[in-house]
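Here is the structure we will look at, set down as structure tokens.
For the single chain, residues carry numbers from 1 onward in sequence order. Predicted model, so just to flag it, every value in this text is computed and none were measured.
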Amino acid sequence: KVDDFSPNRYPTLIQLRSDTQYSWMMALSDQTSYLGVWMGSVNGWSRIKTSTPASTFIGNWVHIVATYNGSGPTTQGNFTIYVNGLGTTLSSAGGFATTNQVNSFGAGVGPGTLNLLEGSLSDISVWDIELNSSQVTDIYNSGVPTDISAESGLVSYWKMGDDATYDNSLTQFTIPDIKQVLYSTKSFDFNGSSSYVTMGDVLDFEMTDTLSISCWMKKPAGGYDMLV
């Protein structure tokens, strides 16, 4: 769920460390060179987009899955992006800004920049396998989040809101990585100016790894770009 793409034109959903110079990320945009869901890095990884109409993401909860088969990061055909359970047609996207090597969601962290999300996220999961179309269909579950805790290949699962605790001294939430519970009934709101989540050492995305990322988001109001 994204409230606005402005003033931050590149509000981030998920950013992962990689074994290249810069981190890897996935994004949304209503701009021609990045239209739809787009993902990649400054160098070493394919920069690709789906050309999904921007209206798809406005006012609706949208489920997005990105997968990589580990067979070569510069080959576009080794990646798949699903929107609401359906595979998309991929094409080349524009260039990327430099990013730091961090694992995070809700912010794109780079030298002198912090591209923050204004909106909400729910049921974020990271996998060390390439999910196939049947598995993605099951996870999407006709638009109703479902229990993924017993699924093979699941590395981390953040329900975003459920069982989160707040530390007044640090002015921050701790969100548990939960793989043994049912799907989230809540989401986490990001204010677009100061809130984001760090994932610690959950995963380094290497060129020979298989990987899948799944999340739910929503954009009530219009704007520009969003990173995942």
Side-chain angles (χ1 to χ4, degrees), residues 12-29 34 36-52 62-105 108-110 121 123-140 146 148-158 177 179 197-217 226-228:
T12 299
L13 292 182
I14 300 174
Q15 177 174 320
L16 291 178
R17 290 192 309 239
S18 77
D19 57 352
T20 58
Q21 184 177 2
Y22 302 104
S23 62
W24 177 94
M25 59 184 64
M26 186 173 68
L28 296 181
S29 179
Y34 306 88
V37 182
W38 56 285
M39 65 185 187
S41 184
V42 176
N43 54 30
W45 299 88
S46 290
R47 297 189 293 269
I48 52 183
K49 62 184 176 71
T50 65
S51 298
T52 307
V62 178
H63 184 240
I64 301 170
V65 175
T67 71
Y68 170 59
N69 65 14
S71 297
T74 60
T75 301
Q76 181 175 295
N78 292 331
F79 297 86
T80 305
I81 300 175
Y82 300 85
V83 176
N84 287 338
L86 299 176
T88 59
T89 300
L90 302 180
S91 59
S92 297
F96 279 51
T98 58
T99 52
N100 294 343
Q101 290 283 19
V102 298
N103 292 323
S104 65
F105 43 83
V109 182
L121 295 173
D123 290 84
I124 299 172
S125 56
V126 177
W127 311 67
D128 62 6
I129 60 172
E130 179 193 19
L131 294 170
N132 60 39
S133 60
S134 177
Q135 290 170 310
V136 172
T137 297
D138 289 343
I139 295 169
Y140 174 59
T146 187
I148 62 172
S149 59
E151 297 294 332
S152 175
L154 182 64
V155 174
S156 292
Y157 176 33
W158 296 273
D177 176 358
K179 294 189 291 185
V197 176
T198 58
M199 293 188 282
D201 296 325
V202 57
L203 184 70
D204 285 353
F205 188 13
E206 300 182 353
M207 293 183 177
T208 57
D209 290 341
T210 54
L211 178 81
S212 298
I213 296 173
S214 170
C215 69
W216 286 89
M217 53 73 58
M226 179 185 75
L227 298 182
V228 182

When rounded to the nearest 0.5 angstrom, what distance separates CG in Asn43 from OH in Tyr22? 6.5 Å
If we only count heavy atoms from C-beta on, is the Ser51 to Thr89 side-chain gap below 4.5 Å? no
Pairwise distance CH2(Trp127) to OG1(Thr210) - rounded to 0.5 angstrom: 12.0 Å
Which heavy atom of Ile129 sits nearest to which heavy atom of Gln135, and what is that distance? CD1-NE2, 4.2 Å
Non-hydrogen atoms of Asn69 and Glu130 that approach each other most closely: CB-OE1, 3.2 Å
Supply the atom-to-atom distance Glu151 CD to Ser214 OG, rounded to the nearest 0.5 angstrom. 11.0 Å
To check you understand the geometry: which heavy-atom pair defines the closest contact between Leu131 and Ser212, and what is its length? N-OG, 2.9 Å
Could you state the interatomic distance from OH (Tyr140) to CG (Leu86), rounded to the nearest 0.5 Å? 7.5 Å
Out of Tyr34, Trp38, Phe79, which one pairs with Ile48 under the side chain to side chain contact (heavy atoms under 4.5 Å, CB included) rule? Phe79
Which atom pair, heavy atoms only, marks the closest approach of Val136 to Gly85? CG1-CA, 4.1 Å
Nearest heavy-atom approach of Ser41 to Ser23 is OG-O, 2.8 Å
Compute the centroid of each ring, for Phe96 and then for Trp45, and state whether the two points are separated by less than 6.0 Å. no
Are Ile213 and Ile64 packed together at the side-chain level, in the sense that at least one heavy-atom pair is separated by less than 4.5 angstrom? no
Pairing residues for Asp138 by the side chain to side chain donor-acceptor pair (under 3.5 Å) criterion, not counting sequence neighbours: none
Thr88: partners by side chain to side chain contact (heavy atoms under 4.5 Å, CB included), with sequence neighbours left out: Thr50, Thr52, Ile81, Val83, Leu90
Are the side chains of Gln21 and Val42 in touch, meaning some heavy atoms are under 4.5 Å apart? no
Is there a donor-acceptor pair closer than 3.5 Å between any side-chain N or O of Ser18 and the backbone N or O of Thr20? yes
All side chain to side chain donor-acceptor pair (under 3.5 Å) counterparts of Ser91, not counting sequence neighbours: Lys49
Could you tell me whether the side chain of Ile148 reaches within less than 4.5 Å of the side chain of Asp123, counting heavy atoms only? no
Roughly how far, to the nearest 0.5 Å, is the CD1 atom of Ile14 from the CE atom of Met25? 11.5 Å
